[in-house]
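Letters A, B, ... mirror the listed sequences (proteins, then strands); counts begin at 1.
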4 protein chains.
Amino acid sequence: MPKETFFNLPEEKRQQILNVAIDEFATNTYAQASVNRIVEKAGIAKGSFYQYFKSKKDLFLYLMQVIGEEKMTYLAPTLQNIHQYDFFTCLREIYAAGIRFATQYPKYAEIGKKLLASKDTPIFEELVDQNLPVASQLFQELLHQAIQRGEIRPDIDINLIAYLIASINTTLLEYYTENINQEFDEKILNTVEKFIDLLRNGIGTK
Amino acid sequence: MPKETFFNLPEEKRQQILNVAIDEFATNTYAQASVNRIVEKAGIAKGSFYQYFKSKKDLFLYLMQVIGEEKMTYLAPTLQNIHQYDFFTCLREIYAAGIRFATQYPKYAEIGKKLLASKDTPIFEELVDQNLPVASQLFQELLHQAIQRGEIRPDIDINLIAYLIASINTTLLEYYTENINQEFDEKILNTVEKFIDLLRNGIGTK
Amino acid sequence: MPKETFFNLPEEKRQQILNVAIDEFATNTYAQASVNRIVEKAGIAKGSFYQYFKSKKDLFLYLMQVIGEEKMTYLAPTLQNIHQYDFFTCLREIYAAGIRFATQYPKYAEIGKKLLASKDTPIFEELVDQNLPVASQLFQELLHQAIQRGEIRPDIDINLIAYLIASINTTLLEYYTENINQEFDEKILNTVEKFIDLLRNGIGTK
Amino acid sequence: MPKETFFNLPEEKRQQILNVAIDEFATNTYAQASVNRIVEKAGIAKGSFYQYFKSKKDLFLYLMQVIGEEKMTYLAPTLQNIHQYDFFTCLREIYAAGIRFATQYPKYAEIGKKLLASKDTPIFEELVDQNLPVASQLFQELLHQAIQRGEIRPDIDINLIAYLIASINTTLLEYYTENINQEFDEKILNTVEKFIDLLRNGIGTK
DNA sequence: GATGAATGAGCGTTCATTCAT
DNA sequence: CATGAATGAACGCTCATTCAT
């Protein structure tokens, strides 16, 4: 967690630092990201950085928390009503929320992507240790419930399917940020719809 | 491309260097990989390294080419008979070839995974510039032909589907290397089969 | 010397700061001691520190003075009656006073020890420049008088013997703090007695 | 231990680096000593330093080893004949050897002195861990044997006396390097002689 | 008088690359 | 052709001190 000094900073300066940091971590992996560059671009002294943050890791972990919380505000409505919807509706909502999130904060999405790439580095372990909610676990649970409700064929390999659903989520995001114009539009939602159908055909009970 | 001196090296020494390099790039991202460590583990002089390779990048790009070629030997039989098979059969063969490849050369697969994580870093651009044959392009072409042959519904978004098929390929590999025992087995092939079915239901003409 | 602001501080706060500083200098050498840590532990603002003290050196020099004065209150009774006692009695009293002092203020003793280790560093020079009363000078004087009174053989090397007596004083203290339980006891006084005898045999006139 | 590269250096350059390092560690404590200053004064690149030594610690430990070995060549003749001499003769020889050593290598003596001052720092622990032969242990053993041979009164506190003998050794060295001209002379040996006598009177059996 | 943000030099260390032999 | 010493920029981080409020 950043030190108090950081939160005492004038809003503008704090945002400036955060923005520069987000840029840096969106452009480089955690290991490659440079505190030197951050302070230079942010126009602050090196010493100041360490008056705001305990370490590079401190800043990064904080960023991840901010991103996580931001993402949760997108997912919360869906997750709250999770029991009212059938599995495939849930899935569509989660995908859509993810896409809306990535539309709003493309840099955050980029950082998330970079992070997935740094699996099996120490920083990733640390994140998992403190944060837990790895996406595929959510899907595992959803699948479990869906099977019990008879919405999904009970003979599927839950782990694998959850892994794939999580991965497709990421892939859709990636594709969206790479190829489509930056604005959230109907087209991508149609695509999501089609994929849900595809999955329904594949693993649904009927 | 490595310099001539590298190719003049005795086979054994050349392999030794390549093996060490593969280890290093399988364990670290491109940026994190260290020439220092490579020469140390390979037991060659630092100067020698730069007599074989123009730079770290040179070595890495060469490695990517070797890996690519190796992978092609796995795909070649399938690609050669591509016109005899329908799209979904092709797909199954390609997936299976990929899994066989990853089983045989897990380190290569690891490097590939690491690389996907460094998209939009300079080195990745360079790779695309020199190498082109990004997987999704292959799938685009296959999809194109399949549509013309009436195997696939013509209203799909080719780019997106190709992207997803490529991504699922990677995901299966990832899942396979993370969760399944190291030996190539029937189980994973069954999964592939199911996914092909799933896709057939989703995008096939019927 | 601390600035006036420091002495205007409420007694309690002033003591708190001094105590923290003593801890820091007892745990670290002068160079290693950190103003950052001091202000943090003392719960004062960084700026405040520099309103109380001109510099880290200022604080340290002041501390040394405080310690010196404190030690003097232990030695004063002895020094006042110095002419009534013979040399060896004086010596015993001085040693005993030193041990009592170290028993009472082990942190002070620790700082003293650390300081002796940093002889010939700039800070030590400065101390000598301002403070002078190095222990061995006291012993030189005592020896001088003792020779004139015929208590000690006139052919000894006064400088050397004074140096050694001072050093033994320190050594006894060190040994005491390292090996003996923290309470002032008879045992160490017996040892002092023995050493006095030893010296008496060695340099006394009879 | 320094790397091979260091020992491959031309004699002159190696000595130059060692001399600069000795100067640095004789002037500063281990913690305060600066690799930056060393490379600057030695006229080598910072990177070169780390091609010679694994770390600052590596250099320091090596220096301690060199000093230790050098000191051993002074002590060896005495230690070999330790059983032929009585305790006080041994002591005189050891003191004299120490003084001869300090005369020859005053910088080494200075480093040793600095080190004693950094007791209870991590580097000291490390040294003790690898080197063991703390001086006072040697004296403890000598005292033990001397008591068994009836040369010394059995009622003394061995630990304390050993500690003091070791300390006096250091003190003599210190005094010698601070006050006397740099050449080894008779005067100091006379003083040693007197101290031995003093001890003989104090703790000898007769 | 109190605050604490700002500063930049300095720390030990690693790096990819060059080049004289 | 092989060698490995040399290089200096860059890394994350700590420091004592200043100064505007």
Which sits closer to the 5' end of DNA chain F, C:Gln32 or A:Asn36, going by the nucleotide each is nearest to?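 Whichever sits nearer the 5' end wins; that is A:Asn36.
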
Nearest-nucleotide comparison on DNA chain F, the residue closer to the 5′ end among A:Gln51 and D:Ile44: D:Ile44

Toward the 5' end of DNA chain E, which comes first, D:Arg37 or A:Pro10, by nearest nucleotide? A:Pro10

Residue whose closest nucleotide on DNA chain E lies nearer the 5' end, A:Leu9 versus C:Leu9: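 Final value for this comparison: C:Leu9.
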
Just by distance, do the side chain of D:Lys13 and the backbone of D:Ala42 share a donor-acceptor pair under 3.5 Å?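 No, D:Lys13 side chain to D:Ala42 backbone: no donor-acceptor pair under 3.5 Å.
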
Whether A:Phe6 and A:Phe53 hold their rings parallel, tilted or perpendicular, with breakpoints at 30° and 60°: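 Rings of A:Phe6 and A:Phe53: tilted, 30 to 60°.
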
Just to be sure I understand the rule, does [X] reach a base, reach only the sugar-phosphate, or reach nothing, if contact means heavy atoms closer than 4.0 Å?
| X | answer |
| --- | --- |
| C:Tyr52 | sugar-phosphate |
| D:Ser48 | base |
| C:Lys56 | sugar-phosphate |
| B:Ala31 | nothing |
| C:Asn8 | nothing |

Is the distance from OP1 or OP2 of F:dT18 to the nearest side-chain N or O of C:Tyr50 less than 4.0 Å? no

OP1 or OP2 of E:dC11 versus the side-chain N and O atoms of D:Ser34: is any pair under 4.0 Å? yes

I need the CD-P distance between B:Glu4 and F:dC1, as an integer number of Å.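 Value for this atom pair: 8 Å.
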
Looking at C:Glu11 and C:Arg14, is any side-chain nitrogen of the basic one under 4.0 Å from a carboxylate oxygen of the acidic one? yes

No-hydrogen, no-angle side-chain donor-acceptor test under 3.5 Å, A:Glu70 and A:Tyr105: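 Checked: A:Glu70/A:Tyr105 side chains pair up, N/O donor to acceptor below 3.5 Å.
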
Is a side-chain donor-acceptor pair under 3.5 Å present for C:Glu12 with C:Gln16? no

Return one dot-bracket line describing DNA chain E 5' to 3' (Watson-Crick or G-U wobble pairs, both distances under 3.5 Å; ( ) same strand, [ ] crossing, | another strand, . none). .||||||||||||||||||||

Distance to the ring centre below 6.0 angstrom and angle to the axis at most 45 degrees; does that hold for A:Lys114 and A:Tyr30? no

What is the minimum heavy-atom distance between D:Ile38 and D:Phe25, and which atoms define it? CD1-CE1, 4.4 Å

